[in-house]
Number of protein chains: 2
Amino acid sequence: MSVPLYQAKAEMFRVLGHPVRIRVLELLQDGPRPVRHLLTEIDIEASGLSQQLAVLRRAGVVVSFRDKGLVMYALSTTAVADLLAAGRRILREVLTDRDELLKLLS
Amino acid sequence: MSVPLYQAKAEMFRVLGHPVRIRVLELLQDGPRPVRHLLTEIDIEASGLSQQLAVLRRAGVVVSFRDKGLVMYALSTTAVADLLAAGRRILREVLTDRDELLKLLS
DNA sequence: GGAGAAGTTGCAGTTGTTTGCAATTCGGGT
DNA sequence: ACCCGAATTGCAAACAACTGCAACTTCTCC
């Protein structure tokens, strides 16, 4: 491997570190969706969404294909959903820890 | 919650999306470590490491405490290790998928 | 094959991050 | 109290990422 492994890992997480991209992945957890549908759910211009989808595609996190005139996107592997779930779990723990700290101070 | 949830999630992943920060977290998976030790493992200046540790601290991913003159860092929750593991899993799948694609083309 | 919707690409301006260095703080030992 | 190693902080320069808009490609359907 030419690129050190930890750098590839960082890259993977960095790709998830954007509000629009996270939203896209969450929507795709429920199955493949056409770009058109993502656009109705996320408040962003078509070109902006395309840019972010391209980032996800290049990273191999999602795949796209055409279906009856619409471009569909889907998670490339179910492991992506696992990662999102793990992220949610941490967020919950970190936030509740922080809340308890606030309670102690008030 | 003032900040939309998906933005907090993005923030969480973004924090992990840096080579040095990933390396730190991986080293901390084996238990608390002094800054001094991290410095011997990662090729970076002390001040740079401090900056990255501060990012991790602010995000609540790690905690720090002092032990006999040394500052120690530790993962704030074991869920962080789970997240790293999930990341590794995805990376493996994405990379092997890509390799198989390359084989087909060669 | 022409019109129009669906997506993508390219680019320039702006914004946010990273990095390296100097200065500073904080403790512990003597 | 003083010194020294350990860590952190504050900036400014360099770099990367995001945004918005216009142009362009590609389908599909008639």
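In what follows, chains carry the letters A, B, and so on, assigned in the order in which the sequence lines appear, proteins first and then strands, with residues in each chain numbered from 1. Computed from a predicted model, the values in this text were never measured in an experiment.
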Spacing between B:F65 atom CZ and C:dC26 atom C1', to the nearest angstrom: 18 Å
For atom CG of B:L38 and atom C1' of D:dT8, their distance in whole Å: 15 Å
Sugar-phosphate, base or nothing in reach of A:I44, heavy atoms under 4.0 Å: nothing
Length of the line joining A:D67:CG and C:dG7:P, which is rounded to integer Å: 11 Å
Crowding at CG, A:D30 (>12 non-hydrogen neighbours, <6.0 Å): yes
N/O (side chain, B:Q52) to phosphate O (OP1/OP2, C:dT19) under 4.0 Å: yes
Side-chain heavy atoms of B:Q52 within contact of B:V24, under 4.5 Å: no
Close side-chain approach of B:R21 and B:L16, heavy atoms under 4.5 Å: no
Touch class at under 4.0 angstrom, heavy-atom based, for A:G69 against every strand present: sugar-phosphate
N-O pairing of B:R14 and B:E11 below 4.0 Å: yes
Nucleotide D:dC18, atom C1' - distance to CZ of A:R58 in whole Å: 13 Å
Heavy-atom donor-acceptor pair, B:S64 side chain to B:M72 backbone, under 3.5 Å: no
Under-4.0 Å side-chain N/O to phosphate OP1/OP2 contact, B:Y73 with D:dT8: yes
Candidate nucleotides C:dG7, C:dC21, C:dT9, ranked by approach to the side chain of A:S47 - the nearest: C:dT9
A:L39 CG to C:dA5 C1', straight-line distance once rounded to whole Å: 13 Å
Per B:L70 side chain, nearest of listed nucleotides D:dT9, D:dA6, C:dT8: D:dA6
Given D:dC21, C:dT8, C:dC21, the nucleotide with the shortest approach to the side chain of B:E45: C:dC21
D:dT26 phosphate, OP1 or OP2, under 4.0 Å from A:R66 side-chain N/O: no
Stretch residues 12-22 of chain B: residues that reach within less than 4.0 Å of DNA chain C through a heavy atom: B:R14, B:H18, B:R21
Net bend of the helix from C:dG1-D:dC30 to C:dT30-D:dA1, end axes of five pairs each, nearest 10 degrees: 30°
Derivation of the side-chain contact (heavy atoms from CB on, under 4.5 Å) call for B:L28 and B:V62: CA-CA 9 Å; B:L28 294 184; B:V62 303; 3.9 Å; yes
Within-4.5 Å side-chain heavy-atom neighbours: B:P32 and B:F65: yes
Side-chain donor/acceptor contact of A:Q51 with base of C:dG10 under 3.5 Å: yes
Comparing A:K68 and B:A46 on DNA chain D - which has the more 5′ nearest nucleotide: B:A46
Length of the line joining B:H37:NE2 and D:dA7:P, which is rounded to integer Å: 12 Å
A:L53 CG - C:dT9 P separation (whole Å): 10 Å
Verify same cluster id: A:V55, A:V71 (apolar side-chain graph, 4.5 Å): yes
Rounded distance (Å) that lies between atom C1' of C:dG7 and atom CE of A:M72: 14 Å
Shortest non-hydrogen contact between A:M12 and A:A59, atoms and distance: CE-O, 4.3 Å
Sugar-phosphate, base or nothing in reach of A:L49, heavy atoms under 4.0 Å: nothing
Residue pair B:E26, B:R88: steps toward the salt bridge (charged side-chain N to carboxylate O under 4.0 Å, His left out) verdict: CA-CA 11 Å; B:E26 290 190 335; B:R88 264 193 295 280; 3.7 Å; yes
